[in-house]
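Both counts, for ligands and for their atoms, begin at 1 and track the order of listing. Starting from 1, each residue takes its place in the sequence as its number.
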Amino acid sequence: MKIILIGASGTLGQAIGEQLSARHQIVRAGRGGADVQVDITDFASVQRMYRQVGAFDAVACAAGNVHFGSLGETTPEQFGIGLKDKLMGQVNLVIAGQHQISDGGSFTLISGILSQEPIRSGSSASMVNAALDAFVGAAAIELPRGVRINSVSPTVFVESMALYGPYFSGFKPVPVADAALAFVKSVEGAQTGKTYRVG
Ligand SMILES: NC(=O)c1ccc[n+]([C@@H]2O[C@H](COP(=O)([O-])OP(=O)(O)OC[C@H]3O[C@@H](n4cnc5c(N)ncnc54)[C@H](OP(=O)(O)O)[C@@H]3O)[C@@H](O)[C@H]2O)c1
């Protein structure tokens, strides 16, 4: 399969690339230093990426930013970061790519555990992750030609504990390779409209 991997240089993106590159052609995408440049917050940039790549069989997205901050201090603009980047950025990938993807192809989006297990300073992430999981359930019943869509909803990664550990007190982290395996299940499997919870 020819798979577009968005956020390929990140912690999760590298792990997904390691698992899929043995069997598939990977087109690495990101804002810089990748095979193809894309900013998922910019719909024109997403359309340009698809034009550049041509025919493809799957999109795996490991990109998406949200603002972390206390509810009392977070501004509407800061809530807008998650809406524009992690949520609409990934929705952009689907609405721009749905007519070009191969028959039976798949989209796999990244959400996260905070939709189900809220933490302090995580209200924007909880909101966006829940919206993404709901979106894949709804998009799955409308995508044409056997095209599938799933989300992967991991807990915090072992590899990211230095960055996020203090937010996730009491959570058991998982190796990022476990989340990458859920991407493999989505891309190579047959299910659609699912959220794969990891951890
Ligand atoms: N880390 C965790 O413990 C954890 C747990 C659960 C869920 N998640 C979710 O997993 C996703 C990835 O996390 P991570 O820790 O792997 O992040 P990361 O290491 O910061 O990597 C992010 C990747 O996305 C790319 N990127 C960022 N913004 C982009 C944009 N607007 N357009 C295109 N590419 C963009 C970055 O490359 P460029 O800068 O070159 O664009 C980079 O390759 C996030 O959505 C996060 O919420 C993470």
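Remark: ligand 1 atoms within the under-4.0 Å shell around heavy atoms of S9 are 37 (O), 42 (C), 43 (O). Here is the list of ligand 1 atoms found below 4.0 Å of a heavy atom in Y164: 1 (N). Close approach of ligand 1 to K86 (heavy-atom distance below 4.0 Å) involves ligand atoms 9 (C), 45 (O), 46 (C), 47 (O). For ligand 1 and V38, the ligand atoms under 4.0 Å from any heavy atom of the residue are 32 (N), 33 (C). Residue L12 approaches ligand 1 through these ligand atoms, each under 4.0 Å from one of its heavy atoms: 10 (O), 16 (O). Set against the non-hydrogen atoms of I110, the atoms of ligand 1 under 4.0 Å away are 9 (C), 10 (O), 11 (C), 45 (O). For ligand 1, the atoms closer than 4.0 angstrom to any heavy atom of A63 are 24 (O), 25 (C), 26 (N), 34 (N), 35 (C). Remark: ligand 1 atoms within the under-4.0 Å shell around heavy atoms of G32 are 40 (O).
Residue-level proximity to ligand 1 for V176 is absent, since no heavy atom of it falls below 4.0 angstrom.
Using 4.0 Å as the threshold, G89 has no heavy atom nearer than that to any atom of ligand 1. Residue contact annotation: N129 has no non-hydrogen atom under 4.0 Å from ligand 1. Residue contact check for ligand 1: G33 places no non-hydrogen atom closer than 4.0 Å to it.
Comparing V46, L132, I40 by heavy-atom distance to atom 32 (N) of ligand 1, the nearest is I40. Which of P173, S160, G13, A62 comes nearest to atom 22 (C) of ligand 1 through a heavy atom is settled by distance: it is A62. When the heavy atoms of G7, C61, S111, A179 are ranked by distance to atom 7 (C) of ligand 1, first place goes to S111.
In terms of protein heavy atoms, atom 30 (C) of ligand 1 is closest to R31 CD, 3.6 Å.
Note that atom 28 (N) of ligand 1 has protein non-hydrogen atoms nearby, at separations under 4.0 angstrom. Under the 4.0 angstrom criterion, atom 17 (O) of ligand 1 counts as lacking any protein heavy-atom contact.
A side-chain N or O of N129 and one of K86 form a donor-acceptor pair less than 3.5 Å apart.
The backbone N or O of L93 sits less than 3.5 Å from a side-chain atom of Y50, completing a donor-acceptor pair.
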